[in-house]
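Heads up, the thing below is written out as structure tokens.
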Amino acid sequence: MLKGIGASDGIGIGRVMIIAEQTLEYTPREIADVDAELERFRGAVDKFCDNTIAQADAIRQSTGEKEAEILMGHIAIIRDPFMGGEIENIIKANQCAEAAVDQICKMFIDMFSATGDDLTMQRAADVRDIRDGILAILLGIEEVKISDAPAGTVLVTKELTPSMTAGIKRENVVGIITETGSQTSHSAILARALEIPAVLSVPGAVTSLSSDELVIVDGGKGEVYTAPTEEQVGEYTAKRETFLRERRELESLRGKPTVSADGIEYELFCNIGTPKDATKAVEADGEGVGLFRTEFLFMDRNQLPTEDEQFDAYKQASLILKGKPLIIRTLDIGGDKEIPYLGLAKEENPFMGFRAIRYCLKNRAMFKSQIKAILRASAFGDIRIMFPLITAVEELREGRALVEEAKADLRASDIAFDENIQVGVMTETAASGVIADLLAKEADFFSIGTNDLTGYTMAADRGNSDVSYLYSPLQPSVLRMIRRIIKCANAEGIPVGMCGEAAASPEMIPLLISFGLTEFSVSAPSVLKVRKNISKWTKAEADEIAGKVMAMTTEAEVKAYLETVV
């Protein structure tokens with residue numbers, strides 16, 4: 001059996017079709033005719049955009065408009081004046097178009113990859129797709145085509161790019177296996193939209209699997225079974241039928257409130273990264289947005305977004321939500337996120353350095369501009385402000401003081417805003433957990449960011465394979481930290497949500513119900529599943545499970561027990 005990341009639920013049984021990686025090698029060279037080379041580059045971009053429009057049309061027909069927007073976004077990136085201008089500057093320095101495209105795309109890939117944020121890192125995959133597409137055109141290499149895959153095909157490739165996905169015929173492809181990707185990658189999003197089971201990040205999949213061999217793809221558990229027996233094929237055929245039946249049952253929860261088995265009601269929100277993502281939240285039946293990551297507004301450009309640009313983005317998201325809550329996290333950026341125009345200094349340990357609220361409070365004009373934009377947008381809906389990486393009460397106080405300054409400025413200019421806007425804290429560090437009782441007295445709400453909370457509590461980088469075994473929200477120390485944060489919020493009567501990946505975990509849900517969480521914020525595709533999982537438990541049942549879990553001493557014990565009861 002091969003193990004990877006379950007990125008699109010379902011069971012696929014079929015025969016392997018390996019998609020070989022394109023060879024895009026070139027020899028860097030100096031060019032004599034700059035104008036001709038610029039024309040060659042611009043022609044390649046035009047052809048790339050024409051190809052992309054055709055691919056987007058294909059995806060629009062097979063899945064829908066929002067999936068087509070992923071590819072149309074590639075056009076926006078390559079047509080961006082900053083990216084195009086930087087590429088042309090290198091060509092003007094007598095470098096060939098291939099080298100110029102490669103160099104500038106690599107700069108953006110490195111910048112996005114360094115963030116550690118899944119959604120931002122996805123932009124790196126987008127830029128790789130763009131780079132490969134333009135290089136293929138410049139080098140005269142035919143694009144990979146998978147539209148001829150026969151019925152019962154399991155596609156196996158190093159990376160399934162959005163452009164490749166455009167050629168998939170869902171009636172023929174029963175599974176997808178890749179060597180790269182995550183649950184939030186565009187390949188995963190498109191696989192889910194196509195309702196094709198997918199397992200991503202399977203090490204050595206391309207070399208360890210053979211063309212035409214029979215495999216079983218379990219997209220829920222992230223498992224691939226090679227050389228399955230007749231018994232296994234029969235077993236997983238039955239599981240596939242069960243999965244399809246349960247999928248139909250999930251749809252019956254659309255439009256229903258999120259309640260536990262004993263009638264306790266919860267808020268079920270979505271995490272988003274752009275205003276357009278608010279549409280996905282609504283389509284997924286989310287009851288609001290628990291985390292709007294604002295970093296995207298500051299990236300893919302060569303200067304800070306203006307207050308008006310930010311206002312328009314926040315207002316757009318709020319109007320899409322039509323009065324549903326929108327929690328906007330202020331800029332969470334720092335030494336680990338290389339935005340060239342900010343001139344951030346390199347740090348030896350950026351994740352514990354000058355970032356997030358620390359950076360913003362030292363750059364007050366920029367921070368105040370963002371806060372004023374959020375306040376102005378609050379006149380158009382239920383908007384709330386959330387500060388990231390709070391580790392001391394004075395940081396919250398200083399942030400709130402700046403909110404009051406911004407309010408005063410808007411009043412003086414007779415600009416409308418919500419006078420009673422809520423200001424909350426993202427509790428994502430061990431420090432915020434330890435002083436949660438103090439923060440709860442001064443914050444209007446908490447939102448637990450379990451991704452960073454787990455990393456900071458366990459002193460473990462999830463991207464470091466040598467210590468990744470420590471990175472789990474089921475670690476007793478992390479569970480105690482989560483329970484304490486929720487308990488402190490409940491004691492002060494303020495709402496407490498969770499916007500990390502753990503909020504969607506079936507194993508975590510009974511624990512969170514028992515601890516007293518009031519709001520879950522998850523990815524749009526997870527909304528109905530989380531609603532169903534919450535509906536399975538009464539508070540008494542959840543308390544019984546939590547009581548046993550909190551008496552356990554190791555993550556392995558906790559995990560093994562929860563697998564038997566969830």
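- At least one side-chain heavy atom of Phe292 sits less than 4.5 Å from a side-chain heavy atom of Pro275.
- Nearest heavy-atom pair, Pro305 versus Phe298, reported as atom, atom and distance to 0.1 Å: CD-CD2, 3.5 Å.
- Minimum heavy-atom separation, Ala377 to Tyr314: CB-CB, 3.6 Å.
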| task | Test salt bridge (Lys or Arg N to Asp or Glu O under 4.0 Å) on Lys539 and Asp543 and set out the steps. | result | CA-CA 6 Å; Lys539 180 68 162 57; Asp543 285 343; 3.0 Å; yes
| task | Using the salt bridge (Lys or Arg N to Asp or Glu O under 4.0 Å) rule, take Glu442 and Arg397 through it: C-alpha gap first, then chi angles, then the decisive distance, then the call. | result | CA-CA 8 Å; Glu442 303 191 30; Arg397 289 175 179 168; 2.7 Å; yes
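- Between Phe311 and Phe380, the ring-plane angle classifies as tilted under the 30° and 60° cut-offs.
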| field | Tyr471 vs Met458, side-chain contact (heavy atoms from CB on, under 4.5 Å): CA-CA, chis, key distance, verdict | value | CA-CA 7 Å; Tyr471 186 90; Met458 296 303 299; over 6 Å; no
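- Applying the side chain to side chain contact (heavy atoms under 4.5 Å, CB included) criterion to Lys221, with sequence neighbours excluded, gives Asp218, Glu223.
- Salt bridge present: Glu251 and Arg254 bring a charged side-chain N and a carboxylate O closer than 4.0 Å.
- Ser413 contributes a side-chain N or O that, together with a main-chain N or O of Asp409, makes up a donor-acceptor pair within less than 3.5 Å.
- At a threshold of 4.5 Å between non-hydrogen side-chain atoms, the residues Thr454 and Gln475 do not count as touching.
- In this structure, a donor-acceptor pair under 3.5 Å is absent between the side chains of Arg192 and Ser8.
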| said: Applying side-chain contact (heavy atoms from CB on, under 4.5 Å) to His74 and Gln55, what does each step give before you reach the verdict? | reply: CA-CA 11 Å; His74 289 189; Gln55 292 163 350; over 6 Å; no
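- A donor-acceptor pair shorter than 3.5 Å cannot be found between the side chains of Asp308 and Thr306.
- Checked against side chain to side chain contact (heavy atoms under 4.5 Å, CB included), Glu159 has the following partners two or more places apart in sequence or in another chain: Ala125, Arg128, Thr161, Thr180.
- Of the inter-residue distances, the one linking Ile509 atom CD1 with Leu562 atom CG reads 11.5 Å to the nearest 0.5 angstrom.
- Using a 4.5 Å heavy-atom threshold, the side chains of Lys368 and Glu307 count as separate.
- Side-chain atoms of Gln370 and Thr294 include a donor-acceptor pair closer than 3.5 Å.
- Looking only at atom types and distance, the side chain of Lys536 has a donor-acceptor partner in the side chain of Asn533 under 3.5 Å away.
- To the nearest 0.5 angstrom, Ser505 atom OG is 8.5 Å from Leu512 atom CG.
- No side-chain donor-acceptor contact under 3.5 Å links Asn302 to the backbone of Phe82.
- Note that SG of Cys499 and CD of Glu428 are 7.5 Å apart. Values are rounded to the nearest 0.5 Å.
- With respect to Thr258, the side chain to side chain donor-acceptor pair (under 3.5 Å) criterion is satisfied by exactly one of Glu265, Glu287, Glu519: Glu287.
- Glu267 and Thr518 are not linked by any side-chain donor-acceptor pair at a separation below 3.5 angstrom, with hydrogens and angles left out of the test.
- Note that CE of Met426 is 7.0 Å distant from CG of Asp332, once rounded to the nearest 0.5 Å.
- A salt bridge links Asp382 with Arg384: at least one charged nitrogen is closer than 4.0 Å to a carboxylate oxygen.
- Residues Ile545 and Trp537 have side chains in contact (heavy-atom distance under 4.5 Å, counting atoms from C-beta outward).
- Between Thr330 and Ile374, the closest side-chain pair of non-hydrogen atoms falls below 4.5 Å.
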| query | Can you list the steps and then say if Glu492 with Lys487 is a salt bridge (Lys or Arg N to Asp or Glu O under 4.0 Å)? | reply | CA-CA 9 Å; Glu492 293 297 331; Lys487 181 179 179 181; over 6 Å; no
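- At least one side-chain heavy atom of Met366 sits under 4.5 Å from a side-chain heavy atom of Leu331.
- Residues Pro510 and Val566 share a closest heavy-atom pair of CG-CG2, 4.2 Å.
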| task | Could you please spell out the steps behind the side chain to side chain donor-acceptor pair (under 3.5 Å) verdict for Glu395 and Thr391? | result | CA-CA 7 Å; Glu395 291 171 333; Thr391 56; 3.3 Å; yes
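- Looking only at distances, a side-chain donor or acceptor of Ser521 sits under 3.5 Å from a matching main-chain atom of Cys270.
- Here the shortest heavy-atom pairing between Met83 and Ile78 reads SD-CD1, 3.9 Å.
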| Full working for side-chain contact (heavy atoms from CB on, under 4.5 Å) between Ile448 and Leu453 | CA-CA 8 Å; Ile448 304 171; Leu453 182 65; 3.8 Å; yes
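- Taken to the nearest 0.5 Å, the CD atom of Gln303 stands 11.5 Å off from the CG atom of Leu342.
- At least one side-chain heavy atom of Asp285 sits under 4.5 Å from a side-chain heavy atom of Arg531.
- The number of heavy atoms from other shown groups lying within 6.0 Å of NZ (Lys407) is above 12.
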| said: Evaluate Glu405 against Arg364 for side-chain contact (heavy atoms from CB on, under 4.5 Å), listing each step before the verdict. | reply: CA-CA 11 Å; Glu405 283 184 31; Arg364 291 176 64 87; 3.0 Å; yes
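- Atom CD1 of Ile421 sits about 4.0 Å away from atom CD1 of Ile385, to the nearest 0.5 Å.
- You'll find the side chain of Phe515 stays beyond 4.5 Å of the side chain of Val496, heavy atoms only.
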| task | Show the numbers, then the answer: is there a salt bridge (Lys or Arg N to Asp or Glu O under 4.0 Å) between Asp9 and Lys529? | result | CA-CA 11 Å; Asp9 277 353; Lys529 294 179 206 169; 3.0 Å; yes
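- Nearest heavy-atom pair, Phe367 versus Leu361, reported as atom, atom and distance to 0.1 Å: CE2-CD2, 3.8 Å.
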